[in-house]
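See structure below.
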Amino acid sequence: MSQRLTPALVVIAVALPMVAVLLTVLQGTVGADTALWTHLREYVLARVAWNTAVLVVGVVAVAMLLGTSLAWLTAACEFPGRAFFSWALLLPMAMPAYVLAFVAVASLDYAGTVPVLLRGWFGAELRLPPIRSTGGVILVLALAGYPYVYLMARGAFLTHGARALEAAQSLGLGPWRGLFRVAVPLARPWLAAGAALVAMETLADFGAVSVFNYDTFTTAIYEAWFGLFSLETALGLALLLLVFVAVALAIERIARGRARYAAADSGSRSALRLELPGVRGQMACVYATIVFALGFGLPALALGHWAWDVAAVDLDSRYFGYILRTLGLAAIAAFLCLALALALGYAVRLRDDWLTRSAARVATLGYAVPGAVLAVGVVGALATIDAGWRSLTGGEGLWLQGTVLALLLGYVARFLAVSHGPVQGGFARIRPSLEEAARGLGSTTRELVYKLHVPLLGAGIGTALLLVFVDVMKEMPITLMTRPFGWDTLAVRVFEMTAEGEWQRAALPSLAIVLAGLLPVALLTWRMEHAARAA
Amino acid sequence: MGFWSPLGRRLAVLLLMAPAWLITPALAADQPLVIYSARKYQLVEQLFAEYGKLRGIELKFVTDDGAPLIQRLRAEGRNSPADLLVTVDAGDLWRATEAGLLAPVRSEALETAIPAHLRDPQGRWFGLAVRARTIAYSTERVRPQDLSSYAALGDPRWKGKLCLRSGKHVYNQSLVAVMIAERGEEETERLVQSWVANLATEPFSSDTLLLNAIAAGQCDVGIVNSYYLGRLQSDKPEIPVQLFWADQQAGGTHVNISGAGVTTHARNRAEAIRFLEWLASPAVQARFAGANFEYPVNPAVEPVPVVAAWGAFQQKLVPVGKVGELQPAAVRLMDRAGWR
């Protein structure tokens with residue numbers, strides 16, 4: 001096959017699952033009920049569009065603020081507890097947003113543990129700001145999402161940070177002005193990637209917003225489907241959401257303009273950090289403590305407390321199965337997504353034209369689509385394949401539907417974007433001049449891959465694997481709707497308990513997710529530290 | 001390690017074989033009893049396992065909410081592995097029936113065990129447990145004689161004292177659907193508006209939160225499914241919240257049905273019917289309903305003590321067809337009235 005054609009075919013092949021899913025969704029919208037649309041336009045759309053916009057802007061802003069400032073503090077400054085916080089601040093990544101949401105509501109709402117306690121101390125007249133509010137839901141989603149920004153920003157600051165600091169100092173700028181004038185602009189592509197992950201995660205969230213009863217596009221999609229019983233309208237709404245996402249991404253791309261960020265050579269990192277003296281160091285420590293406590297420490301304690309109460313009844317040998325399946329699915333999906341992201345990365349590198357670029361964009365759109373919508377697409381697409389298979393073989397029954405493949409297809413369609421980001425970032429660091437030099441020295445393609453790409457992509461590959469791993473562990477709607485018999489995971493168990501309002505009993509599987517998620521997150525932090533030290 | 005080293009090759013073979021391994025469960029053609037259940041795992045698992053052991057068969061089930069399960073059944077069509085659909089809402093039963101997903105069943109055992117108004121005349125679904133959706137009140141701040149009907153909760157005396165669950169939940173949608181069937185859309189919309197005007201706080205995402213809010217003093221009255229209070233009371237008998245049977249002078253309290261039907265394309269139809277008969281039998285009914293503090297459908301069976309303590313009450317006959325048919329209208333009405 002010709003050199004020009006192969007990459008295009010590869011990208012199209014990678015984009016195929018998403019295209020199949022999207023086509024099914026698109027086909028589903030045909031024949032939508034116009035009376036329903038009139039109703040939605042009149043009473044629902046404006047409100048959910050506004051709510052969604054407020055939520056996404058608020059969550060991204062708070063997550064960026066937390067993630068960037070904390071990354072800068074732990075990467076470029078020295079303060080009491082820095083070594084601990086540099087990895088501990090990633091731990092909230094293991095905490096699913098829907099778990100953080102129910103813990104927040106169960107402990108901070110009027111009848112929750114904390115306000116009841118405070119009213120006991122300060123009198124029944126005490127009025128606290130309500131947690132079930134726009135501010136509350138933004139705070140919860142930002143605490144669940146900031147680790148993505150933190151991870152990306154920290155990686156960038158560890159690479160450029162010291163030099164940025166030196167440059168800033170030579171210009172006579174202090175550490176904070178150094179951050180804003182030098183380090184942040186340099187880290188912009190990574191920050192943008194982190195922000196995009198948080199934004200897409202927020203758009204697709206159903207679990208957390210429904211605990212807060214906060215109406216967004218996603219809840220409107222669910223309502224159209226399960227309340228108004230119009231799958232067509234639900235899919236139409238999902239499509240509308242996708243259009244918004246596509247427009248937002250296009251605007252972001254235009255805003256970024258044609259700036260190219262060739263990474264600085266990665267071999268000369270120094271461990272220079274700015275000492276934050278006295279009170280400023282303590283303030284940094286207090287700040288990091290508060291974020292860590294809110295995002296991980298206190299919720300984990302609350303979960304532990306509740307889980308302890310129900311463990312005697314609910315904890316048994318089946319949990320081995322739940323944990324094994326959860327980890328197994330997460331691992332398989334992580335490697336699948338990585339393989340596809342690598343294929344996509346190479347293809348775009350070899351043939352950088354509109355076809356490959358748009359195919360890559362389509363392949364990674366799924367991250368912004370609510371899981372349930374993707375699940376419908378997956379089931380529909382597989383049903384079509386099954387029908388084809390049956391008509392070919394004359395057999396009966398389900399072939400692909402009801403197998404783990406359905407589940408994996410859903411995961412890939414949803415989380416390819418998550419592995420695509422870091423891998424793409426890794427490719428961006430391999431400057432073409434390096435490849436040319438290697439080729440000039442007579443390297444074969446294989447040598448190029450093993451001696452140049454693998455080492456330089458290593459960091460991106462690790463990040464991609466672990467991010468998808470953790471995301472799949474936390475995933476709920478696709479797992480619920482497409483899992484075969486006997487494939488219940490921890491997230492399924494959380495759903496069954498929260499659906500019945502039994503949040504104490506939901507604490508046990510939730511805690512298991514968090515604990516199992518700590519393993520990959522610990523790996524991730526270890527890798528980050530290791531990379532920083534090796535440099 | 002090069003990719004074509006022996007280890008690399010073995011790895012490649014393994015990867016190529018993985019899909020085969022993933023598909024095998026679907027090809028293994030046994031004859032298990034397969035159940036799609038909207039009753040959640042913790043409420044059914046024990047009984048399901050017991051039946052499997054009793055009959056020496058494999059019993060497989062998945063849980064999800066009713067609507068997605070119905071969607072799944074539809075998508076799978078005649079190739080669906082499911083033999084039985086279990087729901088927790090009358091509207092869902094009607095919807096599955098309307099979509100032709102459930103098949104008629106004739107069974108003398110079921111017809112004697114379950115009163116006629118709690119099953120489909122054609123036997124496409126059978127009620128297995130009944131739950132009331134009624135008024136809960138604070139025993140510290142409300143006298144029961146101040147309560148009467150659902151509609152009276154819209155009275156200005158309850159301004160800032162009423163708590164509701166989210167309008168997006170199917171239990172509220174069914175309640176409003178029944179109200180539309182009785183009073184018509186206009187009157188129901190005014191009534192719902194009067195409730196919304198009385199709200200003490202944003203609607204909750206669960207009945208349990210709502211009951212806790214009444215106990216903590218955030219509001220005085222609310223509308224909940226009876227079994228949620230049963231669960232709380234069995235945990236904390238002293239909780240200062242009690243149930244009031246609404247509409248006793250006006251047709252009876254709204255009840256909903258958790259039921260099941262044999263699927264149209266069931267492969268194991270005989271076993272599915274036998275299983276339903278087992279669930280409707282007195283000994284099992286007590287445990288099936290009792291596990292969730294519900295009312296057994298079998299009139300020969302007493303509810304568990306926590307439930308029996310609430311006293312007898314007049315139940316409104318469930319207009320299952322209306323509930324299902326009017327649910328979308330109810331959702332729109334709630335959108336208009338601002339019941340979030």
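Lettering follows sequence order; numbering is per chain, from 1.
- Here the closest heavy-atom approach between residue B:K40 and residue A:A499 is recorded as CE-CB, 3.9 Å.
- Only the side chain of A:D109 comes within contact range of chain B, with heavy atoms under 4.5 Å apart.
- Residues of residues 328-340 of chain B that come within less than 4.5 angstrom of chain A, heavy atom to heavy atom, are B:P328, B:V331, B:R332, B:D335, B:R336, B:R340 in numerical order.
- Contacts of B:Q327 with chain A are made by both backbone and side-chain atoms, with heavy-atom separations under 4.5 Å.
- Proximity to chain B (any heavy atom under 4.5 Å) is restricted, for A:F229, to the side chain, taken from C-beta onward.
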Original post:
Please walk me through it: do B:L209 and A:W503 pass side chain to side chain contact (heavy atoms under 4.5 Å, CB included)?
Top reply: CA-CA 10 Å; B:L209 278 181; A:W503 291 353; 3.5 Å; yes

**OP:** Evaluate the criterion side chain to side chain contact (heavy atoms under 4.5 Å, CB included) for residue pair B:F204 and A:R132; output intermediate values, then yes/no.
**Re:** CA-CA 9 Å; B:F204 291 93; A:R132 291 184 304 123; 3.2 Å; yes

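- With no hydrogens or angles considered, no side-chain donor-acceptor pair links A:N213 and B:S205 at under 3.5 Å.
- For the pair A:R483 and B:D64, the tightest heavy-atom approach, listed with the atom from each and the gap, is NH2-N, 4.3 Å.
- Looking at A:L40, there are no atoms closer than 4.5 Å to chain B (heavy atoms on both sides), in backbone or side chain.
- For B:R231 and A:E500, the salt-bridge test passes: some basic side-chain N is under 4.0 Å from an acidic carboxylate O.
- Other residues, nucleotides and ligands contribute over 12 non-hydrogen atoms within 6.0 Å of the OH atom of A:Y319.
- Heavy-atom distances place the side chain of A:R119, and not its backbone, under 4.5 Å from chain B.
- Looking at A:F495, only its side chain comes within 4.5 Å of chain B, counting heavy atoms on both sides.
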**OP:** Decide yes or no on side chain to side chain contact (heavy atoms under 4.5 Å, CB included) for B:R72 and A:M481, but give the supporting numbers first.
**Re:** CA-CA 8 Å; B:R72 190 167 172 167; A:M481 290 182 65; 5.7 Å; no

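- Only the side chain of A:E502 comes within less than 4.5 Å of a heavy atom of chain B; its backbone N, CA, C and O stay farther away.
- Smallest separation of non-hydrogen atoms from B:I35 and A:F485: O-CE2, 4.4 Å.
- Between A:A383 and B:A75, the closest heavy-atom pair is CB-O, 4.3 Å.
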